[in-house]
K.L.:
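My questions all concern the structure below.
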Amino acid sequence: MQALKTFQDCLVEFSEKFDDLAGKYVQTISHCAELEFLIDEYCTFITNERNKAAWEQLERQTSSDLDDLVADLRKKSAHCVTIMEKYRALKLLDGNVEITDYFKNIESCIEKEFGSFQIQADSKVLLVGSGSFPMTLLFITKRTGAEAVGIDIDDEAIELGRNVVKKLGNELNIQLENVSVEELSLIKDVTHIIFSSTVESKYDILDQLYPLTNEHVVVAMRYGNGLKSLFNYPMKEADGQKWRMIEQVLRPDQVFDIALYKKA
Ligand SMILES: C[S@@+](CC[C@H](N)C(=O)[O-])C[C@H]1O[C@@H](n2cnc3c(N)ncnc32)[C@H](O)[C@@H]1O
């Protein structure tokens, strides 16, 4: 019981710290180190085996209070990750390039993302939720020579992202735009699509993509269920008439897992 109380107290404490640090972002790198520390602490919390037991106990109590707390924390942590990418971009553009655990975590997953459906030089990749530091696209295009486009709803993220690409991979074929999937001219030719796990409407966008894309497209949906849903939007059932899940890449030590879909 005490362990459960401590677990719930931790959730409330994280929620307050996210609020505090989100409010301190003023488009400079002040408070960057505090936010990096907090997000690293949160990553450790949601991948900690001991917290899994407390989470499962809490889930069995099924209360709407818990659902509200989880939804609230997910929104706040997603917002703070968006800010952390801005900090990372600002630091890079300022000449500072150290790397935190969160980014190591993301980078370690990129290679395994598409399982047996590997990206090649003639692939065309779309990332939904490219962020201010589009490391997924930088990594993929550098490794494979593929063409890539990232979309994001945040103008500041698009601008910072473009500057990061200019600095780290000006020779790479990466385009970043604040547009919807319907507005992308190359959408019919896209071979691989990746969804960032903190995009709330990712399953609605997957639905929209069905008529827009070609029959061979492969989708990597990043998600987090259970304890990981404190940080990621969870997996949902996709419309079986449209999309079929073909593979699941479970990564117990990493912040999110991946579900691969192809057209049904
Ligand atoms: C954490 S960041 C990017 C993830 C990371 N750069 C990566 O490579 O996986 C998530 C981004 O998703 C964006 N986002 C949220 N909802 C979105 C949507 N409906 N469409 C496009 N981007 C969205 C946010 O603005 C944010 O910049």
Side-chain angles (χ1 to χ4, degrees), residues 85 92 99 103-152 157-158 161-199 202-203 205-223 232 235 238 242-251 253-264:
E85 290 213 355
L92 175 90
I99 179 162
F103 290 110
K104 285 185 201 139
N105 208 310
I106 293 243
E107 280 157 11
S108 76
C109 111
I110 296 170
E111 236 166 318
K112 301 172 207 126
E113 190 122 34
F114 282 99
S116 40
F117 299 91
Q118 287 304 316
I119 297 169
Q120 293 164 347
D122 59 355
S123 304
K124 293 192 181 0
V125 182
L126 164 66
L127 174 62
V128 180
S130 46
S132 303
F133 204 105
M135 65 209 130
T136 298
L137 297 184
L138 284 162
F139 188 91
I140 288 172
T141 51
K142 216 167 239 177
R143 270 287 170 96
T144 64
E147 176 179 351
V149 56
I151 58 171
D152 204 291
I158 293 290
R162 284 178 182 159
N163 288 332
V164 167
V165 168
K166 214 179 278 170
K167 181 139 185 179
L168 294 181
N170 203 20
E171 74 290 1
L172 302 171
N173 196 345
I174 301 177
Q175 187 195 335
L176 299 174
E177 304 289 344
N178 181 352
V179 293
S180 66
V181 287
E182 284 101 343
E183 293 167 295
L184 277 173
S185 53
L186 87 172
I187 194 69
K188 262 279 177 245
D189 300 325
V190 164
T191 56
H192 296 74
I193 300 174
I194 303 171
F195 280 92
S196 286
S197 70
T198 53
V199 171
K202 57 194 177 186
Y203 277 92
I205 300 174
L206 179 67
D207 224 47
Q208 285 168 28
L209 280 166
Y210 183 79
L212 301 173
T213 48
N214 69 67
E215 60 185 308
H216 302 295
V217 71
V218 189
V219 179
M221 180 69 79
R222 296 173 175 176
Y223 73 94
N232 305 281
M235 182 193 280
K242 296 179 176 169
W243 298 102
R244 177 170 59 95
M245 190 168 75
I246 47 162
E247 219 171 296
Q248 226 176 319
V249 189
L250 296 176
R251 309 149 67 245
D253 302 327
Q254 315 285 330
V255 283
F256 57 78
D257 300 303
I258 299 152
L260 290 187
Y261 295 89
K262 284 203 79 169
K263 285 193 170 171

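Numbering of residues begins at 1 and proceeds along the displayed sequence. No hydrogens, no waters, no symmetry mates; every other heavy atom, side chains included, goes into these values.
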K.L.:
Minimum heavy-atom separation for Tyr223 to Leu250, with atom names?
P.N.:
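Residues Tyr223 and Leu250, closest heavy atoms: OH-CD2, 3.5 Å.
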K.L.:
Going by heavy atoms in the side chains, are Lys262 and Leu260 under 4.5 Å from each other?
P.N.:
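SC-SC contact between Lys262 and Leu260 ruled out.
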K.L.:
Mark yes or no for whether Lys263, through its side chain, and Val217, through its backbone, hold a donor-acceptor pair below 3.5 Å.
P.N.:
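No: the side chain of Lys263 does not pair with the backbone of Val217.
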K.L.:
Is the closest side-chain heavy-atom distance between Met135 and Glu85 below 4.5 Å?
P.N.:
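A side-chain contact exists here, since the closest heavy-atom pair is under 4.5 Å.
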K.L.:
Side chains of Ser123 and Gln120: is there a donor and an acceptor less than 3.5 Å apart?
P.N.:
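Not at all, the side chains of Ser123 and Gln120 share no donor-acceptor pair under 3.5 Å.
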K.L.:
What is the distance from atom CD1 of Ile174 to atom NZ of Lys166, rounded to the nearest 0.5 Å?
P.N.:
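Going from the CD1 atom of Ile174 to the NZ atom of Lys166 covers 13.0 Å.
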K.L.:
For the atom pair NZ (Lys167) and CG (Leu138), what is the distance rounded to the nearest 0.5 Å?
P.N.:
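Result: 13.0 Å between the selected atoms.
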K.L.:
If you measure from CE on Met221 to CE on Met235, what distance do you get to the nearest 0.5 Å?
P.N.:
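Taking CE in Met221 and CE in Met235, the distance rounds to 9.0 Å.
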K.L.:
Report yes or no: does Asn232 contribute a side-chain atom to a donor-acceptor pair with the main-chain N or O of Val255 at less than 3.5 Å?
P.N.:
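Yes, Asn232 side chain to Val255 backbone: donor-acceptor pair under 3.5 Å.
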K.L.:
Are any of the side-chain heavy atoms of Val165 and Leu137 separated by less than 4.5 Å?
P.N.:
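No, their side chains stay 4.5 Å or more apart.
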K.L.:
Can you name the closest pair of heavy atoms from Val128 and Val199 and give their distance?
P.N.:
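Scanning both residues, the minimum pair turns out to be O-CG2, 3.7 Å.
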K.L.:
Just do the side-chain contact (heavy atoms from CB on, under 4.5 Å) check on Thr144 and Gln118 with the steps written out, would you?
P.N.:
CA-CA 10 Å; Thr144 64; Gln118 287 304 316; over 6 Å; no
K.L.:
With rounding to the nearest 0.5 Å, note down the distance linking CZ in Phe256 to OG1 in Thr198.
P.N.:
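Result: 9.0 Å between the selected atoms.
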K.L.:
Closest heavy-atom contact between Ala157 and Ser132?
P.N.:
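Taking Ala157 first and Ser132 second, the nearest heavy atoms are CA-OG, 3.3 Å.
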K.L.:
Checking side-chain contact (heavy atoms from CB on, under 4.5 Å) against Phe195, which of Leu127, Leu126, Ile258, Val219 comes through?
P.N.:
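When Leu127, Leu126, Ile258, Val219 are each tested with Phe195, the side-chain contact (heavy atoms from CB on, under 4.5 Å) holds only for Val219.
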K.L.:
Go through it in stages, so that I can follow the logic: the residues are Ser197 and Lys202, the test is side-chain contact (heavy atoms from CB on, under 4.5 Å), and I'd like the CA-CA distance, side-chain angles, deciding distance and then a yes or no.
P.N.:
CA-CA 8 Å; Ser197 70; Lys202 57 194 177 186; 4.1 Å; yes
K.L.:
For Glu183 and Ser180, work out which heavy atoms get closest and say how close.
P.N.:
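For Glu183 versus Ser180, the nearest heavy atoms are OE1-N, 2.7 Å.
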K.L.:
As an exercise, state the distance from CD1 of Ile193 to CG of Leu209, rounded to the nearest 0.5 Å.
P.N.:
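Between atom CD1 of Ile193 and atom CG of Leu209 there are 4.5 Å.
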K.L.:
Do the charged groups of Glu147 and Lys124 touch, with an N to O distance under 4.0 Å?
P.N.:
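Answer for the salt bridge query: yes.
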K.L.:
If you take all heavy atoms of Ala146 and Thr141, which pair is closest and at what distance?
P.N.:
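Smallest heavy-atom distance, with atoms named: O-CG2, 3.3 Å.
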K.L.:
For residues Val164 and Pro134, report the shortest heavy-atom separation together with the two atoms involved.
P.N.:
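The answer is CG1-CD, 4.1 Å.
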K.L.:
Using the rule given for side-chain contact (heavy atoms from CB on, under 4.5 Å), can you reason through Leu212 versus Glu182, listing the C-alpha separation, both sets of side-chain angles and the distance that settles it, and then say yes or no?
P.N.:
CA-CA 7 Å; Leu212 301 173; Glu182 284 101 343; 4.0 Å; yes
K.L.:
Please determine if Lys142 and Glu171 form a salt bridge, counting it only when a charged side-chain N lies under 4.0 Å from a carboxylate O.
P.N.:
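Result for this pair is no, no salt bridge flagged.
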K.L.:
Hey, what do you get for CD1 (Ile119) to CD1 (Ile140), rounding to the nearest 0.5 Å?
P.N.:
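Taking CD1 in Ile119 and CD1 in Ile140, the distance rounds to 3.5 Å.
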K.L.:
Within the structure provided, determine whether Asp152 and Leu176 are in side-chain contact (heavy-atom separation under 4.5 Å).
P.N.:
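SC-SC contact between Asp152 and Leu176 ruled out.
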K.L.:
Determine, step by step, whether Asn214 and Asp189 satisfy the side-chain contact (heavy atoms from CB on, under 4.5 Å) criterion, reporting the C-alpha distance in whole Å, the side-chain angles of both residues, the deciding distance to 0.1 Å, and the verdict.
P.N.:
CA-CA 7 Å; Asn214 69 67; Asp189 300 325; 5.7 Å; no
K.L.:
Would you indicate whether the side-chain heavy atoms of Leu184 and Val179 approach each other to under 4.5 Å?
P.N.:
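Yes, close enough: below the 4.5 Å cut-off.
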